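Both counts, for ligands and for their atoms, begin at 1 and track the order of listing. Quick caveat: nothing in here was measured; it's all calculated off a predicted structure. Atoms considered below: every heavy atom in the structure, side chains included; atoms not considered: hydrogens, waters and symmetry mates. The first residue in the sequence is number 1, and the count goes up from there.
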Amino acid sequence: MTNQLPHEKGFHVSWDQLHRDARALAWRLDGNGPADGGWRAVVAITRGGMAPAMIVARELDIRTVDTISIKSYNHQTQSKPQVIKSPDMDLIGDGTGVLVVDDLVDTGRTLEVVRQHMPKAHIATVYAKPQGRPQVDSFITEVSQDTWIFFPWDMALQYVEPYRGTD
Ligand SMILES: O=P(O)(O)OC[C@H]1O[C@H](OP(=O)(O)OP(=O)(O)O)[C@H](O)[C@@H]1O
Ligand code: HPA
Ligand SMILES: [Mg+2]
């Protein structure tokens, strides 16, 4: 394992910030579902989409929640996206009224696979990078392409040296 980042900048997101941003996403989506029936299900893209999907489902009072599992990274190295597990397609249909939620879109390759599965679903992420933006229907915060977003489940509190150092 290496500590070296392929990106110049780090954007560190706390649980509190993630909660606020996922709530903001839910509020943005509220009332924007199809006129006949609104949002009827949430599909979380595992694993990173599960925490924001839970918050969005809670805010919008949606109790039908499924998952799609797409693996596209090993640590910070991208490989060809693979569908490991599909949602219940009897429930999802073509995706009308379905909210697909992920933590972020980066290159957009994960969401390309999702769109093939559920062409009419609404895809929402909390964070977005410019290259992936065309793949996402709603998001809250954009960061630059050379930023790596660190999520709270990948971090821990730890000691840092004082700014002026110690003798
Ligand atoms: O837009 P892309 O370039 O495809 O990248 C975005 C995807 O990559 C990460 O998931 P990852 O595949 O690492 O799995 P994880 O959610 O289980 O961490 C992230 O959670 C998004 O799902
Ligand atoms: O910036 C990122 N942070 C965490 N996971 C990711 N997967 C793709 N891009 C990112
Ligand atoms: Mg993911």
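The backbone N or O of Arg23 lies less than 3.5 Å from no partner atom in the side chain of Arg58, so there is not a single donor-acceptor pair. Listed for the Arg133 side chain is no donor-acceptor partner under 3.5 Å among the backbone atoms of Val105. Judged purely by atom type and a 3.5 angstrom limit, Asp137 has no side-chain atom pairing as donor or acceptor with the backbone of Ala124. Under the 3.5 Å distance criterion, the side-chain polar atoms of Asp66 are matched with a main-chain donor or acceptor of Asp88.
For the residue pair Thr96 / Asp94, a side-chain donor-acceptor distance below 3.5 Å is found, with atom types taken as modelled.
With distances taken over non-hydrogen atoms, the option nearest atom 19 (C) of ligand 1 out of Ile45, Thr46, Asp103, Ile84 is Asp103. Of all the listed residues (Ile149, Val113, Thr110), Thr110 holds the heavy atom that lies closest to atom 7 (C) of ligand 1.
Listed by number with element, the atoms of ligand 1 under 4.0 angstrom from any heavy atom of Ile70 are 12 (O).
Neither the backbone nor the side chain of Asp154 has a heavy atom within less than 4.0 Å of ligand 2. When heavy-atom distances to ligand 1 are checked against a 4.0 Å cut-off, Asp106 comes that close through both its backbone and its side chain. Proximity of Asp106 to ligand 2, defined as any heavy-atom pair under 4.0 Å, is confined to the side chain (atoms from C-beta onward).
The shortest N or O to N or O distance between Val105 and ligand 1 is not under 3.5 Å. Every N/O-N/O distance between Leu111 and ligand 1 stays at or above 3.5 Å. Checked by distance only, ligand 2 and Phe151 stay at 3.5 Å or farther apart across all their nitrogen or oxygen atoms.
Distances shorter than 4.0 angstrom do not occur between any heavy atom of Gly132 and any atom of ligand 1.
Criterion: ILVMFWY side-chain heavy atoms under 4.5 Å apart, direct or through other members. Under it, Val101 and Ile123 are not part of a common hydrophobic cluster.
The aromatic rings of Trp148 and Phe150 lie perpendicular to each other, with more than 60° between the two planes, well past the 30° mark.
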